[in-house]
Asks: 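There's a structure below that I have some questions on.
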Amino acid sequence: STIEIQDEPTTKEEGKVLDDENLKHLRLASGIPITFSKESAVMTHIDSFTQDELLEIKKLSQWKSKGISSVTNVWKQDRFDLIYANVAEHKWIFERFTNLCKKANDENGWGYEIFERPFEPIQAVTYLKGSFYGAHVDVVDRDLESRGPMRSRVCAVVLLVNDPETDYEGGRLHYYVEGNDGKETYAPSKAGTTLTWKADELFHGVTELTNGERQVAVYWVHGRKKMQSEL
Ligand SMILES: O=C(O)CCC(=O)C(=O)O
Ligand SMILES: [Fe+2]
């Protein structure tokens, strides 16, 4: 099924209160019911970047003032996306992210052929107070159709850049795996943690940010599902 993204900006009011009722509504709004993945569909890498590296990433990104687009729809509100295009300058970050995906792919038997070269920029994203991201899967049919069967997003990468302990409240990344009584699982909330997951499978979201600003780097590694005969 295809997720219909509503590009028209909605008013702030529409997604403001993220209580249980509202959350249910948001899930339904995606048009597809939440499904639960195997736990191996996601891998957490704690302390994947040193403090110095995180500072470097923060410095490069100039997160705050340069938000070039506010992407607003029924699942996400007031995320200011800042897109990096300079692959050469930030090569080490791309490489690190790709390696984390390779590790997750190998250790969890995802069975993808991982492409090393970047196909997308890294997104430096700042969530402001009131922002959230309703449950979704990163790959939709439309992406698959436009890119063809030989390549698609296979591994999603999210790095927590600033410190959840001191810089913001709420804004918890969570996902849906089997064996948690049908509830969401919360990712560790620590700067320097990177999460990698199967981009075409794992439902995940971000709870409402109730205070401060949340900075993450988001990236997708592309690849190809191996044929049955190649496994
Ligand atoms: O902000 C996050 O932690 C997750 C972002 C995300 O899921 C996405 O950009 O698709
Ligand atoms: Fe996502």
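Whatever order the structure lists ligands and atoms in, that order sets their numbers, starting from 1. For clarity, every value in this text was computed on a predicted model and none was experimentally measured.
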Asks: Once salt bridge (Lys or Arg N to Asp or Glu O under 4.0 Å) is applied, do any residues pair with Glu107, and if so which ones, sequence neighbours excluded?
Replies: Lys103

Asks: Cation-pi check, Arg96 to Phe94: give yes when NZ or CZ is under 6.0 Å from the six-membered ring centre and within 45° of the ring axis, no otherwise.
Replies: no

Asks: Hey, is CD on Glu178 packed in by over 12 heavy atoms from elsewhere, all under 6.0 Å?
Replies: yes

Asks: Using a 4.0 Å heavy-atom cut-off, say whether Gln123 meets ligand 1 through its side chain, its backbone, both or neither.
Replies: neither

Asks: Within less than 2.8 Å of the Fe ion (ligand 2), how many protein N/O/S atoms are there?
Replies: 3

Asks: With sequence neighbours left out, which residue pairs that include part of residues 93-139 fulfil the disulfide (SG to SG under 2.5 Å) condition?
Replies: Cys101-Cys155

Asks: Measuring from atom 1 (O) of ligand 1, which candidate in Trp220, Tyr127, Tyr133, Trp197 has the nearest non-hydrogen atom?
Replies: Tyr127

Asks: Which of parallel (below 30°), tilted (30 to 60°) and perpendicular (above 60°) describes His174 and Tyr176?
Replies: perpendicular

Asks: Establish, yes or no, whether the cationic atom of Arg151 lies under 6.0 Å from the six-membered ring centre of Phe115 and within 45° of the ring axis.
Replies: no

Asks: Only heavy atoms of Val216, strictly under 4.0 Å: list the atoms of ligand 1 that pass.
Replies: 1 (O)

Asks: May I ask you to check whether Phe36 and Tyr175 place their ring centres under 6.0 Å from each other?
Replies: no

Asks: Within ligand 1, which atoms have a heavy atom of Val206 less than 4.0 Å away?
Replies: 1 (O), 2 (C), 3 (O), 4 (C)

Asks: Counting each atom of ligand 1 from 1 as listed, which ones have a heavy atom of Val218 under 4.0 Å away?
Replies: 9 (O)

Asks: Hey, what else clusters with Tyr186 if you join Ile, Leu, Val, Met, Phe, Trp, Tyr whenever side-chain heavy atoms sit under 4.5 Å?
Replies: none

Asks: Using a heavy-atom cut-off of under 4.0 Å, does the side chain or the backbone of Asp138 touch ligand 1, or both, or neither?
Replies: side chain

Asks: Salt-bridge test for Glu120 and Arg153: reply yes if a basic N is under 4.0 Å from a carboxylate O, no otherwise.
Replies: yes

